Amino acid sequence: MEFTDVLVKRRTIRKYRQEKIPLERIEGILECARLSPSASNRQPLEYLVIIDENKLEDVFQTVKWAGYIAPEGNPEEGEKPVAYVVLLIRSDLKSAFTSHDAGAAAQSILLACFNEGIGTCWLGSVDRERLRSSLAIPDRYTIDTVIAMGYPAESSEIFDITDSVKYFRKDNTYHVPKRRIEDILHINNMK
């Protein structure tokens, strides 16, 4: 797949086939995150991969899905993620730019997954204390976000915004409004 196609066609996926992702494939994806830009090369991020079936439900219970259409947008039994990556920030390496590092690493994960045929959902609405407790994450780490992973069991498509940013689901497809390029691109001035 052409790189531009990866950038343009990647969409959030919230329902997954129950087919395991080989750990080697996840490790390759996280290699892309490891090599992402890092402010002052501090490299404050670490990654906790959850693939144990007994722990997947624990993580699932700490995240919220598809806020605009909950609970319809929530994965049901037989559609839940088969893996999660928890993005962790080491407190001793944190800086004012750590959120930028996390965003760059997360984007690398999302794009690498899409290129491998793996669907993802980047989740920021997380019960961090419950997740910390259930996964025994030490206090020296800040939980940034969680990325759900699995082979897609749905599709998602974009369309130009008309009057609302709210996405909706119809016929097993998410329909996601995006601002048009002519509404956000400014050349040489902000007229």
Side-chain angles (χ1 to χ4, degrees), residues 10-23 25-34 36 38-39 42-114 116 118-154 167 174:
R10 190 220 57 85
R11 303 266 61 86
T12 295
I13 299 296
R14 295 179 180 89
K15 296 179 189 263
Y16 309 93
R17 299 190 325 256
Q18 299 304 290
E19 178 183 338
K20 292 183 180 183
I21 303 168
L23 182 56
R25 196 170 233 185
I26 295 172
E27 289 172 342
I29 288 163
L30 292 178
E31 179 71 1
C32 296
R34 179 182 78 85
S36 295
S38 177
R42 292 179 66 88
Q43 304 175 57
L45 300 176
E46 294 187 20
Y47 309 93
L48 175 56
V49 175
I50 306 301
I51 54 174
D52 180 322
E53 291 178 15
N54 297 318
K55 294 184 179 187
L56 290 171
E57 185 62 26
D58 291 342
V59 177
F60 183 82
Q61 293 302 320
T62 68
V63 297
K64 293 185 181 174
W65 297 83
Y68 289 135
I69 58 171
E72 177 194 343
N74 299 359
E76 296 178 9
E77 289 303 322
E79 301 174 328
K80 293 180 180 179
V82 297
Y84 292 97
V85 175
V86 182
L87 278 69
L88 300 170
I89 301 167
R90 277 186 42 181
S91 298
D92 62 325
L93 297 175
K94 200 172 192 176
S95 77
F97 300 100
T98 301
S99 63
H100 300 293
D101 289 4
Q107 181 76 333
S108 292
I109 293 168
L110 302 177
L111 295 173
C113 281
F114 181 77
E116 294 285 327
I118 298 168
T120 55
C121 185
W122 189 11
L123 299 156
S125 184
V126 180
D127 183 339
R128 287 168 175 78
E129 289 313 307
R130 183 173 174 185
L131 184 62
R132 179 181 306 284
S133 176
S134 69
L135 298 178
I137 298 171
D139 288 338
R140 68 181 177 273
Y141 293 98
T142 299
I143 298 169
D144 182 73
T145 50
V146 174
I147 297 176
M149 300 167 67
Y151 295 103
E154 67 179 354
Y167 48 83
Y174 278 95

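Because the structure is predicted, anything quoted here is derived from the model rather than measured. Heavy-atom basis, side chains included; hydrogens, waters and symmetry copies ignored.
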Measure across Met149 and Ile21 and return the closest heavy-atom pair with its distance rounded to 0.1 Å.
CB-CD1, 3.9 Å

Can you check whether Tyr16's main-chain N or O pairs, donor with acceptor, with Gln18's side chain at less than 3.5 Å?
yes

Atom pair CZ (Arg14) and CH2 (Trp65), whose distance is rounded to the nearest 0.5 Å:
8.0 Å

Could you give the distance from CD1 (Ile26) to CD1 (Ile50), rounded to the nearest 0.5 Å?
10.5 Å

For a quick test of reading the model, state the closest non-hydrogen atom pair linking Tyr151 to Glu19 and the distance between them.
CD1-O, 3.5 Å

Can you check salt bridge (Lys or Arg N to Asp or Glu O under 4.0 Å) on Arg140 and Glu46, steps first, answer last?
CA-CA 12 Å; Arg140 68 181 177 273; Glu46 294 187 20; over 6 Å; no

Atom OG1 of Thr142 and atom NZ of Lys94: how far apart are they, to the nearest 0.5 Å?
3.5 Å

So do Tyr167 and Ile69 actually touch side chain to side chain, heavy atoms under 4.5 Å?
yes

Would the distance check show the side chain of Asp101 and the main-chain N or O of Ala39 forming a donor-acceptor pair, the cut-off being under 3.5 Å?
yes

side-chain contact (heavy atoms from CB on, under 4.5 Å) between Ile118 and Ile29, worked out:
CA-CA 10 Å; Ile118 298 168; Ile29 288 163; 3.8 Å; yes

Nearest atoms (heavy-atom pairs only) where Val49 meets Leu30
CG2-CD1, 3.4 Å

Any non-hydrogen side-chain atom of Lys80 less than 4.5 Å from a side-chain atom of Pro75?
yes

Looking only at non-hydrogen atoms, find the nearest pair between Pro81 and Leu56 and report the distance.
O-CD1, 4.0 Å

More than 12 heavy atoms from other groups under 6.0 Å of CD on Glu57
yes

Taking the side chain as every heavy atom from C-beta outward, state whether Leu110 and Gln107 have any pair of such atoms under 4.5 Å apart.
yes

Thr62 and side chain to side chain contact (heavy atoms under 4.5 Å, CB included): which single residue from Leu135, Leu123, Val126 fits?
Val126

Would the distance check show the side chain of Arg132 and the main-chain N or O of Pro138 forming a donor-acceptor pair, the cut-off being under 3.5 Å?
yes

Would you give the length of the straight line joining atom CD1 of Ile89 to atom CG of Asp144, rounded to the nearest 0.5 angstrom?
4.5 Å

Residues Gly124 and Arg128: closest non-hydrogen pair is O-NH2, 3.1 Å

If you draw the axis of the six-membered ring of Tyr174, does the NZ or CZ of Arg11 fall within 45° of it and under 6.0 Å from the ring centre?
no

Tell me whether Ser108 contacts the main-chain N or O of Ala104 through its side chain, where contact means a donor paired with an acceptor under 3.5 Å.
yes

Distance (rounded to the nearest 0.5 Å) between Ser36 OG and Gln43 CD
10.5 Å

Separation between CD (Glu79) and CG (Asn74), nearest 0.5 Å, reads 10.0 Å

Could you check whether any side-chain heavy atom of Val82 comes within less than 4.5 Å of a side-chain heavy atom of Ile51, counting everything from C-beta outward?
no

Count the heavy atoms of every other residue, nucleotide or ligand shown that sit under 6.0 Å from CD of Glu76, and state whether that count exceeds 12.
no

Are any of the side-chain heavy atoms of Leu87 and Ile147 separated by less than 4.5 Å?
yes

Does any part of the side chain of Val85, heavy atoms only, come nearer than 4.5 Å to the side chain of Val146, both counted from C-beta?
no

Leu45 to Ala105 - nearest heavy-atom pair and separation
CD1-CB, 3.5 Å

